[in-house]
Number of protein chains: 2
Amino acid sequence: MATKGSAVPEGVIERLPAYLNCLMDLEEERVATVSSQRMSDLTGINAAEIRRDLVHFGSFGIKGVGYDVKSLAGRIQKILGSDKPHRIALVGAGNLGSAIAKYDGLRKHGFEIAAIFDKDPARIGKRLGATLIHHPKEIDQVIGHHGIYMAIVAVPPDAAQRTVDQLAAAGVKVILNYTSARVTAPDGVQVHNSDPVNELLYTLYYLRSRKQVPEG
Amino acid sequence: MATKGSAVPEGVIERLPAYLNCLMDLEEERVATVSSQRMSDLTGINAAEIRRDLVHFGSFGIKGVGYDVKSLAGRIQKILGSDKPHRIALVGAGNLGSAIAKYDGLRKHGFEIAAIFDKDPARIGKRLGATLIHHPKEIDQVIGHHGIYMAIVAVPPDAAQRTVDQLAAAGVKVILNYTSARVTAPDGVQVHNSDPVNELLYTLYYLRSRKQVPEG
DNA sequence: CTTTGTGAATATTTTCACAGCT
DNA sequence: AGCTGTGAAAATATTCACAAAG
């Protein structure tokens, strides 16, 4: 039921990647079927919640058995849209950009770094992996040519806003900002700030309340 | 009022870093006071929710005026525990590790990379920034010596679990896992998997359904 | 037996709306 | 005037618990 119709809560969509990762791990371990309880153990998400989440998109389970790992993974990929490859632009080919370009998590989900930009003349014309490095002035042209709508920004903080402006102007719709700079983008362009420090910060609170940290 | 006593919801703690970042930005712009509405515009979090969150820790605002930017920032730092410096260990000094070591977001919040480990003989004994690179076999000794309880893992995926095991054995309580490998840790050790791909994945859903993500 | 899918119950989060202070 | 802090309401999220199905 409810394969379409009512809006799917945002929280459900945010949990789908966790289910997908869990299922891909199980698939690698050659596990054929999985119960919601097993997935709960692996993801930390309540079993009933997992079942309820999945039912938003259809009845994928078999009563008394569980879910077929492979087919459920495929269904979630279809729901998210990661069953088809997606081209990404990467701006900044320094240490961070190089690490991102090599990151196998991207490829695992069908993301392909299709264009790289860096303003360092020593890097332009070279390749990172298989992808040629262009000057940022070519962002508009190259992104338009490839029809790219997602980008990762890994430039120095003071170049972040300018880079985002260029990407937005070129038609990019989703930007992952890896710099410490807070940036703004026009309506219709999603910016995600990937700041690990925030995670460290809030863990501090729990560390202290558990008296695991010297009071100082 | 409620300065401690009843448990503070986890969501509140998770939002505090957002408030802090926003306030630090305003401080840099020499803004003296800020209303919850202005903070709402800057963070995307509902103004009433911001006020309610802050009241968990005391009444910091002035009616008719707003919040004093500097003192509220200081209060949040105290609540989180980032008013005092914290030493971190970094394992892996490749591209990603180097980028992390240089990342100014860490220093901004008082985190100091106090120890670096890498198994590459060419890197051992050298420095990344001001910090000496050690062989991972010294993790236990160096971390014990510095009293380090937080660590960032930026090694190749196949070395991730081994590294986490070593860090946990050395007494580290918070681990930020930057690899694509899913790892486990003993009770009492928090592992945070920092996987940006999950964020890209769920944005795909909204891109495809051509819907704008609820204002943020 | 096992496990899904789901109505009902519970808990939590978010938002409104305004009294009261500056 | 402008804004916080907060009861009350609304909206969501989570969990329970079990009938139905393999």
Side-chain angles (χ1 to χ4, degrees), chain A residues 1-19 22-23 26 31-73 75-76 79 202, chain B residues 1-3 5-16 18-19 22-23 26 31-73 75-76 79 202 213-216:
Chain A
M1 258 203 30
T3 311
K4 249 198 135 190
S6 55
V8 179
E10 198 180 329
V12 176
I13 306 301
E14 285 173 20
R15 282 188 293 273
L16 290 181
Y19 303 151
C22 160
L23 290 164
L26 289 168
V31 177
T33 61
V34 65
S35 67
S36 58
Q37 186 52 58
R38 177 91 188 276
M39 287 180 71
S40 174
D41 297 340
L42 292 168
T43 61
I45 299 164
N46 178 283
E49 192 173 14
I50 294 176
R51 296 198 297 275
R52 196 175 285 283
D53 281 355
L54 295 176
V55 166
H56 277 105
F57 308 99
S59 287
F60 304 138
I62 301 164
K63 301 191 184 193
V65 178
Y67 299 89
D68 182 83
V69 170
K70 219 166 171 169
S71 90
L72 182 56
R75 291 307 296 260
I76 294 178
I79 293 162
Y202 89 75
Chain B
M1 46 186 61
T3 311
S6 57
V8 178
E10 197 178 328
V12 176
I13 307 300
E14 284 172 22
R15 284 187 292 273
L16 290 180
Y19 304 151
C22 161
L23 290 164
L26 289 167
V31 177
T33 62
V34 66
S35 67
S36 58
Q37 186 53 58
R38 178 92 188 279
M39 287 179 70
S40 175
D41 297 340
L42 293 168
T43 61
I45 298 165
N46 177 283
E49 193 173 12
I50 294 176
R51 296 199 296 277
R52 197 174 284 281
D53 282 355
L54 294 177
V55 165
H56 277 105
F57 308 99
S59 287
F60 304 139
I62 302 165
K63 299 187 183 193
V65 179
Y67 299 90
D68 181 82
V69 170
K70 219 167 169 170
S71 88
L72 183 56
R75 291 306 294 260
I76 294 177
I79 293 162
Y202 89 76
V213 180
E215 257 275 290

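Values in this document were obtained by computation on a predicted structure and should not be read as measured data. The chains referred to below are lettered A, B, ... by the order of the sequence lines, with proteins before strands, and numbering in each begins at 1.
Across the helix from dC1(C)-dG22(D) to dT22(C)-dA1(D), the helix axis at one end is tilted relative to the axis at the other end by 20° (nearest 10 degrees, each axis from five pairs).
Taking atom NZ on K63(A) and atom P on dT3(C), their separation rounds to 14 Å, with Å as the unit. Spacing between atom CZ of F60(B) and atom C1' of dT6(D) amounts to 16 Å, rounded to whole angstrom units. The nearest whole Å value for the distance from the CD atom in E14(B) to the P atom in dT12(C) is 15 Å. Rounded to an integer number of Å, the gap from CD1 of I50(B) to P of dT14(C) is 12 Å. Distance L72(B) CG to dT4(D) P: 11 Å, rounded to the nearest Å. In this structure, CD of Q37(B) is placed 10 Å from P of dC16(C), rounded to the nearest angstrom. Going from atom NE2 of H56(A) over to atom C1' of dT4(C) covers 16 Å, rounded to whole Å.
Remark: Q37(B) engages D41(B) in a side chain to side chain donor-acceptor pair (under 3.5 Å) (not counting sequence neighbours). Not a single salt bridge (Lys or Arg N to Asp or Glu O under 4.0 Å) links R51(A) to another residue, sequence neighbours left out.
L26(B) approaches L42(B) most closely through the heavy-atom pair CD2-CD1, 4.0 Å. A18(A) and I45(A) get closest at one heavy-atom pair: CB-CD1, 4.4 Å. Counting all heavy atoms, side chain and backbone alike, V12(B) lies closest to F57(B) at CG1-CE1, 3.9 Å. Contact detail for Y19(A) and E49(A): the closest heavy-atom pair is OH-O, 4.3 Å.
Rounded to the nearest 0.5 Å, atoms CD1 (I76(B)) and CG (D53(B)) are 9.5 Å apart.
Here salt bridge (Lys or Arg N to Asp or Glu O under 4.0 Å) pairs that include residues 31-40 of chain B, with residues two or more places apart or in two chains, number zero. Within the structure, no pair that satisfies the salt bridge (Lys or Arg N to Asp or Glu O under 4.0 Å) test touches residues 61-71 of chain B, not counting sequence neighbours.
Residue-to-nucleotide proximity on DNA chain D shows that, of G64(B) and Y67(B), the 5′-proximal contact is made by G64(B). Summary of the strand contacts: S35(B) and I62(A) both lie near DNA chain D, and taking for each the nucleotide with the nearest heavy atom, the more 5' one is attributed to S35(B).
Proximity of S36(B) to the phosphate of dT4(D): a side-chain N or O atom is located under 4.0 Å from OP1 or OP2.
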Starting at the 5' end of nucleotides 8-16 of chain D, put B wherever the base has a protein heavy atom under 4.0 Å, S where only the sugar-phosphate does, and a dash everywhere else.
B----SSBB

